[in-house]
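Everything on this sheet refers to the single structure shown next.
Residue numbers begin at 1 in each chain, while the letters A, B, ... track the order of the sequences.
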There are 2 protein chains.
Amino acid sequence: MPKPGPGLRLIDVAQRAGVSLATASRALAGREGVSEEVANRVRQVSAELGYVANPYARTLAGGSSSTVGLIVHQVDDPYFSEIAGGVIQLAGEQGLLVQICHSGRDPEHELRQIRNLIAQRVGIIIVAGSGYGDPRVEAEARTVLAGYQRGGGRVAVIGRHALGADAVLPDNEAGGRALGTHLLELGHRRIALVAGTPELNTVIDRMAGVAAALRSAGLSLDDMPIVHTDFVREGGRTATERILRDHPDTTAIIALNDAMAMGVLAVLREREIPVPDRMSVVGFDDVSVAGDLSPSLTTIRLPMTDMGRMALELALKPQSTRPRRRSTGQQLIVRNSTGPAPF
Amino acid sequence: MPKPGPGLRLIDVAQRAGVSLATASRALAGREGVSEEVANRVRQVSAELGYVANPYARTLAGGSSSTVGLIVHQVDDPYFSEIAGGVIQLAGEQGLLVQICHSGRDPEHELRQIRNLIAQRVGIIIVAGSGYGDPRVEAEARTVLAGYQRGGGRVAVIGRHALGADAVLPDNEAGGRALGTHLLELGHRRIALVAGTPELNTVIDRMAGVAAALRSAGLSLDDMPIVHTDFVREGGRTATERILRDHPDTTAIIALNDAMAMGVLAVLREREIPVPDRMSVVGFDDVSVAGDLSPSLTTIRLPMTDMGRMALELALKPQSTRPRRRSTGQQLIVRNSTGPAPF
DNA sequence: TTGAAAGCGCTAACAT
DNA sequence: ATGTTAGCGCTTTCAA
């Protein structure tokens with residue numbers, strides 16, 4: 001609908017520079033086959049005129065698309081909004097535009113979004129958010145992305161290993177272990193796990209870390225109550241209610257992300273169960289509000305903004321023969337939601 | 001770079017359906033000039049084949065671009081991430097893609113982003129975030145957007161009136177008044193204002209509301225300490241420190257957004273100043289964590305997600321002769337950060 | 001090193 | 001109601 005905006009076309013630049021369309025194109029794209037002198041003149045004229053290529057024409061003609069597609073569960077979930085912030089930041093520096101869409105943590109819907117982005121001919125796709133334990137669920141996405149990559153598209157994923165693409169991997173297992181160790185050191189033995197739905201890889205990995213920590217202390221995760229609910233705040237609420245009802249002697253709750261931890265804290269506050277005096281609570285992610293909660297939350301810090309940047313960085317490099325992997329590191333942040341076991 | 005993805009073109013659909021390119025185009029676009037019967041057949045075939053139009057070709061040929069550009073201060077600021085969530089939600093329902101970029105609350109940078117989006121030929125531009133009191137600062141953006149709209153582009157803004165476009169306007173003044181009234185009713189008389197930078201319209205409007213409430217009680221904002229700092233969490237911290245130092249007898253602090261309120265609460269917590277017993281605190285926006293803070297925050301609720309949806313709704317309607325305006329409503333949410341004045 | 005010309009896949013006049 | 005055709009602005013062979 002919008003008419004030619006600036007209305008400035010490459011041919012205008014070419015004419016002013018006294019060269020042909022082809023030469024102008026080559027000069028601006030920095031391709032070779034143009035003398036330095038002519039190339040400079042063209043670039044100069046282009047800058048003076050404030051010329052910006054029409055991306056539709058460019059892409060249609062076979063040039064590469066300068067937009068990156070980003071799929072997140074929900075942008076208004078702080079974990080994802082921080083990742084998105086990182087992607088947008090770096091994209092801005094590189095002159096790229098970012099298209100964001102929601103997967104709603106639904107593999108079907110996610111697949112649809114991936115297809116959509118491919119149909120939109122974005123040049124880069126970044127998929128953020130946990131993968132699914134069941135490989136069949138992701139098989140199709142993997143296939144589609146493989147085709148896309150074969151066609152020259154670049155893909156990077158955050159927090160999933162099974163997609164055959166460059167990956168930024170949060171240290172979920174190490175983080176889980178750090179949380180478990182922290183609580184054990186405080187003397188807790190009756191620890192409940194507020195976990196997201198068990199199909200999520202993130203949940204599986206974080207649980208494995210906790211299990212490892214328990215094992216080192218001669219304990220087993222199998223003896224602890226584990227409640228699987230949605231991987232969001234409300235899930236944390238539900239799970240906590242169930243734990244308080246079925247395992248009233250629990251002294252510590254591990255929530256596998258900060259969103260769930262917020263739900264946990266909310267229920268404990270309503271029931272007037274003192275944290276950490278009667279119940280310790282830990283989260284995972286260290287979203288930016290974690291330190292402002294009531295009480296401030298002990299959690300594992302993941303560098304979400306950097307993870308977004310890293311993913312785009314990977315995608316910006318030429319494709320490698322084998323998928324690259326970058327792990328993020330993690331750090332235990334002890335705040336006021338954890339204390340010694342009451343008994 | 002990415003090759004034809006599915007490689008499916010409109011002509012393929014047309015052939016399979018046994019019609020011409022033009023007919024297929026008309027049928028899929030829902031334009032008239034095609035018999036119901038043929039149109040259905042084409043749509044059927046298209047669906048079966050999983051055809052998705054190449055948006056670059058479509059836009060280049062003069063069709064309307066199906067992407068909407070959204071400019072926010074920062075996506076990882078909850079206020080904006082919720083707005084973005086609303087926009088993306090509705091966009092998804094409409095089959096549109098959303099390109100997000102950051103303005104960084106810098107008018108120059110914002111202007112650059114607007115230009116960029118126009119150059120990218122997006123069909124719709126949504127600008128979220130406060131405008132600037134000084135009309136000159138926005139004059140250029142206004143001009144650029146006017147040109148864009150003349151060319152058929154659609155624009156909607158959130159939280160600013162001076163851009164000559166359809167606008168979603170938060171009830172900042174009414175909200176400010178509600179906050180002032182609430183504190184006055186609790187008996188507070190020494191109220192300090194933690195305000196964002198005074199160039200922001202949002203700040204000006206919210207302050208005006210507070211001033212009105214005070215006036216109704218025979219008081220004046222001029223007699224209260226007002227500290228202008230950055231409109232973010234850190235600004236709230238700085239301002240609070242200054243207030244505690246210079247006006248130790250203050251009994252209530254009005255922060256003009258929740259981010260600042262979080263900074264206020266953080267400082268009070270560190271100084272062990274009891275909230276609300278010694279100091280009441282209110283915020284503005286009701287970001288989703290407001291209820292989980294320590295203590296939970298009394299604030300003004302704005303329907304951010306809906307505001308995002310509303311903005312896109314406005315932009316989806318054909319342009320009207322005069323800019324449309326929708327106000328959002330607001331609601332005082334009383335939580336645990338406010339209580340009776342201690343003296 | 002440079003230019004001319006053939007598309008990329010679609011929409012929109014213009015014919016029929 | 002349907003088909004034909006001329007572009008949209010660019011990249012990229014292919015010639016010169």
Heavy atoms under 4.0 Å, any strand shown: does B/Ala53 hit a base, just sugar-phosphate, or nothing?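 Sugar-phosphate contact only.
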In whole angstrom, what separates [X]'s [atom1] from [N]'s [atom2]?
X        : N      : atom1 : atom2 : result
A/Leu10  : D/dC8  : CG    : P     : 14 Å
B/Arg41  : D/dA1  : CZ    : P     : 15 Å
A/Ile11  : C/dG3  : CD1   : P     : 11 Å
A/Glu32  : D/dT13 : CD    : C1'   : 16 Å
B/Arg121 : D/dG9  : CZ    : C1'   : 9 Å
B/Arg9   : C/dG7  : CZ    : C1'   : 12 Å
B/Asn54  : D/dG9  : CG    : P     : 16 Å
B/Leu8   : C/dC8  : CG    : C1'   : 15 Å

What's the closest nucleotide to the side chain of [X] if the choices are [options]?
X       : options               : value
A/Leu21 : D/dT11, C/dC10, C/dG3 : D/dT11
B/Ser35 : D/dA1, C/dC10, D/dT11 : D/dA1
B/Ser20 : D/dG3, C/dG9, C/dG3   : D/dG3
A/Ala61 : D/dT11, C/dA12, C/dG9 : D/dT11

Would one find a side-chain N or O of [X] under 4.0 angstrom from OP1 or OP2 of [N]?
X       : N      : answer
A/Tyr51 : D/dG9  : no
A/Ser25 : D/dT11 : yes
B/Arg26 : C/dA12 : no
A/Tyr56 : C/dT11 : no
B/Arg58 : D/dC8  : no

Any luck finding a side-chain donor-acceptor pair between B/Gln89 and B/Glu93 under 3.5 Å?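 No donor-acceptor contact under 3.5 Å links the two side chains.
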Would you say A/Arg31 and A/Ser25 are linked by a side-chain donor-acceptor pair, where the criterion is simply a distance under 3.5 Å?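 On atom types as modelled, these side chains qualify, holding a pair under 3.5 Å.
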Which residue lies toward the 5' end of DNA chain D, A/Leu60 or B/Gly18, if each is placed at its nearest nucleotide?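 Result: B/Gly18.
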Which value, rounded to the nearest 0.5 Å, describes the distance between B/Phe80 atom CZ and B/Ile158 atom CD1?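 If we round to the nearest 0.5 Å, B/Phe80:CZ and B/Ile158:CD1 are 9.0 Å apart.
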If we check side-chain hydrogen bond (donor to acceptor under 3.5 Å, both in side chains) with A/Asp166, which of these qualifies: A/Gln319, A/Arg154, A/Arg322, A/Lys317?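 Only one option passes, and that is A/Arg154.
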Taking 4.0 angstrom as the limit, do A/Arg309 and A/Asp306 come out as a salt bridge?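 Answer for the salt bridge query: no.
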